[in-house]
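Chain letters run A, B, ... following the sequence lines, proteins first, then strands; residues in each count from 1.
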Number of protein chains: 2
Amino acid sequence: MSITQLAKDLNLSKSTVSRALNDYPDVSFETRERVQKRAEEIGYIPNPVAQRLKQGKSNAVGVVLPPPLDNGAFIEPFYSTMLGSLVIELEKSGLQLLVTTQKTSASDDDVVSYRKMFQRGLVDALLILRTHSNDPRVEFALQHNFPFVTYGRTEKETKHTWVDVDHEQAIYSAVIRQVGRGHRQIAFISTKSRYNYAQLRTEGYVQALKDSGIPFYPRWLVESGLNIDDGYRTALKLLKTEPRPTSIVCTTDDIAIGTMTACREFGLVPGKDIAIMGYGNSAACEHTSPPLTSIEAFPKQLGEKIGKFFTERLDGNTSDALQHVQSTKIIERDSDPVLT
Amino acid sequence: MSITQLAKDLNLSKSTVSRALNDYPDVSFETRERVQKRAEEIGYIPNPVAQRLKQGKSNAVGVVLPPPLDNGAFIEPFYSTMLGSLVIELEKSGLQLLVTTQKTSASDDDVVSYRKMFQRGLVDALLILRTHSNDPRVEFALQHNFPFVTYGRTEKETKHTWVDVDHEQAIYSAVIRQVGRGHRQIAFISTKSRYNYAQLRTEGYVQALKDSGIPFYPRWLVESGLNIDDGYRTALKLLKTEPRPTSIVCTTDDIAIGTMTACREFGLVPGKDIAIMGYGNSAACEHTSPPLTSIEAFPKQLGEKIGKFFTERLDGNTSDALQHVQSTKIIERDSDPVLT
DNA sequence: TATTTCACCGGAACCGGTTTCGGTGATTGG
DNA sequence: CCAATCACCGAAACCGGTTCCGGTGAAATA
């Protein structure tokens, strides 16, 4: 059912019908009512594709997800809840979210998948996830003058609109907490350093040691993959170092869960013989044994913020770059006791 | 850069350029080469929106996700990996996945979100997740003759294309396993029965008891929400029944994790004093204590199958309904010991 | 009464492609 | 030598909307 047929049905022209449906002023009250009523009756809904073509707007925001994880998961829990609230926020402004993934083979800062999205028409703006310190995707978007929001800053902290967690502060406070509980042998399991957040967190770790007058041992700063098993294997190596750390701060809850099993293999009971902290405050934290102390980063609020930034930018508010850094909160549980 | 401009640049007509780019036979070799070379140079890519409008195809498949979970997650891990492999499979045929969510307020079989998708142009086909026994979305799609694939059967098992897990067999084999390990007091924590899979699993539970000559106690068949906490609370009630079950089969890993903590509160050590099984074989299973015996349902394969069904259907293969039921496998760990 | 204003509506252009149709000039066949 | 075929390309219609422009008749103004 096209607008042409509807117009014929009503003995009106396409243009009048269109104006009536879109509440233009120069159409009489009676015909407007008549058109809208009839449209309702026969369930007419304008073809969104035609609208997009004419208006040059798609009313959609695109995101290309990182390649599936090793475990085959489409998306990590953190992004899951962030995107969840993003979708809800976008919906308020009539925006949709178009999701794609990278090819499995591609590295996650590959530009090819973004190029397709850039083609005017498919999406009006892009969300770039998990920025690298030096991110070609950001360069690409800036260069093509395409509206975008990033989750995560870049090294240059270019003047674009971004949302990010206060990673440095998050890990800083975690380490300070460990110090306050009597630890001086504190390890940090990080991830690949090309991620900008990884660098920020590492800075937080180093800074906290410094401010506490604790020397920095490079052996206790290790990198791990993001899976539980990655964390497990990394922790196995870490626990072999001499002296052994008495507290391990993990950059992910999954990594923390993996290190807990690694500890048990070393005969160390987490929460008793060794302190462990996670990051993300995932649902599992409550139900590990012992329950895992973790850092809440409020992905829901982040998603809302991103959504608001999108609507602002797409409303033409490009005056200045919108930016937001989200502070975190330590959720205290039983996995990191006071050192005895 | 539109095709019109490209044509002007080449001193050719739009139509010739279009034909050259799409490898039509009635264009000379030289001009074809010239056009394609020039298009490459200036990075011309046809506007997908215009293509969609003309061709009436969007080359996209839509899915509307259930409303965000109570914990705010966009998507459950199972769907996460299923959609991950689906996207990869669709990509092979040049198809995209368009993701939307329900309004938070809506029930997850609400048709309104689907109605938007139905509008010709946005997507060529729909994926309907987690069917109810009596699903208005399926009725709606059939009624409007819109191509779709469901994950999950319906009560009527209408002749449409679907993919589903062999839920009945899955739980049947789980219960039989418990019987084989000496249990005769076996509970099953299910979910809301309007989900078709819930009914199938319950049938599997009941049938297994019957075939084992074990009487059915209604008290040991309980319903729970999908979260860890829901499982926890449900298990608390279940453990108060007299007599107390010696084995609990859970319809979800999360529920199983919740029941494990519930057991501990009753002074029961999971894997020792009581047997527990999960479903889904999520990453956490390896790292609970004890590691959780669970049922692998192969979401990756399901996603691939769904993708193949989509490409077949969109290639016009509507001859007969495509259907696939995925068998499962029990992954044995330490949470369900032999009864002593 | 003549002219301007106004409310209201239809015609047509347009978005950027694809595809049908028809028209060249060259080549082949009779 | 004329007609039929052929390769190749341009003009134009079309997809389904939106919006500019102009035109009508009635009402307001001079």
Side-chain angles (χ1 to χ4, degrees), chain A residues 1-40 42-60 94 96 116-124, chain B residues 1-40 42-60 94 96 116-124:
Chain A
M1 172 53 71
S2 70
I3 197 175
T4 313
Q5 295 175 47
L6 179 59
K8 208 174 295 174
D9 180 270
L10 286 161
N11 263 337
L12 286 171
S13 70
K14 291 195 339 180
S15 44
T16 303
V17 173
S18 175
R19 279 182 304 233
L21 292 173
N22 292 317
D23 286 324
Y24 275 56
D26 59 342
V27 53
S28 75
F29 178 79
E30 291 81 17
T31 54
R32 188 194 351 261
E33 291 293 301
R34 192 163 68 95
V35 169
Q36 294 187 354
K37 177 157 166 277
R38 187 86 185 108
E40 178 79 18
I42 59 182
Y44 167 80
I45 302 184
N47 183 324
V49 176
Q51 288 180 314
R52 291 185 184 189
L53 178 59
K54 176 59 185 173
Q55 301 178 334
K57 284 198 173 188
S58 65
N59 291 323
Q96 276 190 320
K116 295 181 200 162
M117 288 275 207
F118 276 139
Q119 296 316 116
R120 190 172 52 228
L122 259 191
V123 296
D124 296 332
Chain B
M1 172 55 73
S2 68
I3 197 175
T4 314
Q5 296 174 47
L6 178 60
K8 210 175 293 175
D9 179 89
L10 286 162
N11 262 337
L12 287 171
S13 70
K14 292 194 340 179
S15 43
T16 304
V17 173
S18 174
R19 279 181 303 228
L21 292 174
N22 293 317
D23 287 324
Y24 273 58
D26 59 344
V27 53
S28 75
F29 179 78
E30 291 80 19
T31 52
R32 187 195 350 261
E33 291 293 298
R34 194 164 67 95
V35 170
Q36 293 187 353
K37 178 157 164 278
R38 188 87 187 108
E40 179 79 16
I42 59 181
Y44 167 79
I45 302 183
N47 184 324
V49 176
Q51 289 181 315
R52 291 185 183 188
L53 178 59
K54 176 59 185 178
Q55 301 179 335
K57 283 197 173 188
S58 66
N59 292 322
Q96 279 189 318
K116 296 182 199 163
M117 290 273 208
F118 276 140
Q119 296 317 116
R120 190 172 52 227
L122 260 191
V123 295
D124 296 332

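- For the helix from dT1(C)-dA30(D) to dG30(C)-dC1(D), the rotation axes defined at the first and last 5 base pairs enclose an angle of 60°, given to the nearest 10°.
- Under the side-chain hydrogen bond (donor to acceptor under 3.5 Å, both in side chains) criterion, Q5(A) pairs with no residue, sequence neighbours left out.
- Applying the salt bridge (Lys or Arg N to Asp or Glu O under 4.0 Å) definition to pairs two or more places apart or across chains, none involves residues 15-33 of chain B.
- The side chain of N22(A) places an N or O atom within less than 4.0 Å of a non-bridging phosphate oxygen (OP1 or OP2) of dT18(D).
- When the salt bridge (charged side-chain N to carboxylate O under 4.0 Å, His left out) test is applied to R38(B), the partners found at least two apart in sequence or on another chain are D9(B), E41(B).
- Using a 4.0 Å cut-off, some side-chain N or O of Q51(A) falls inside it from OP1 or OP2 of dT18(D).
- Using a 4.0 Å heavy-atom cutoff across all strands shown, S2(A) reaches sugar-phosphate atoms only and no base atom.
- Across the protein-nucleic acid pair, L122(A) atom CG and dG16(C) atom C1' stand 14 Å apart, rounded to whole Å.
- Every side chain to side chain contact (heavy atoms under 4.5 Å, CB included) that T31(A) has, sequence neighbours left out, goes to V27(A), S28(A).
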(request) Let me have a per-nucleotide readout for nucleotides 7-12 of chain C, 5' to 3', with B, S or -, counting only protein heavy atoms under 4.0 Å. (result) -SBBBB
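- The phosphate of dG17(D) has OP1 or OP2 within less than 4.0 Å of a side-chain N or O from Y44(A).
- Between the CG atom of L53(A) and the C1' atom of dA13(C) there is a distance of 13 Å, given to the nearest Å.
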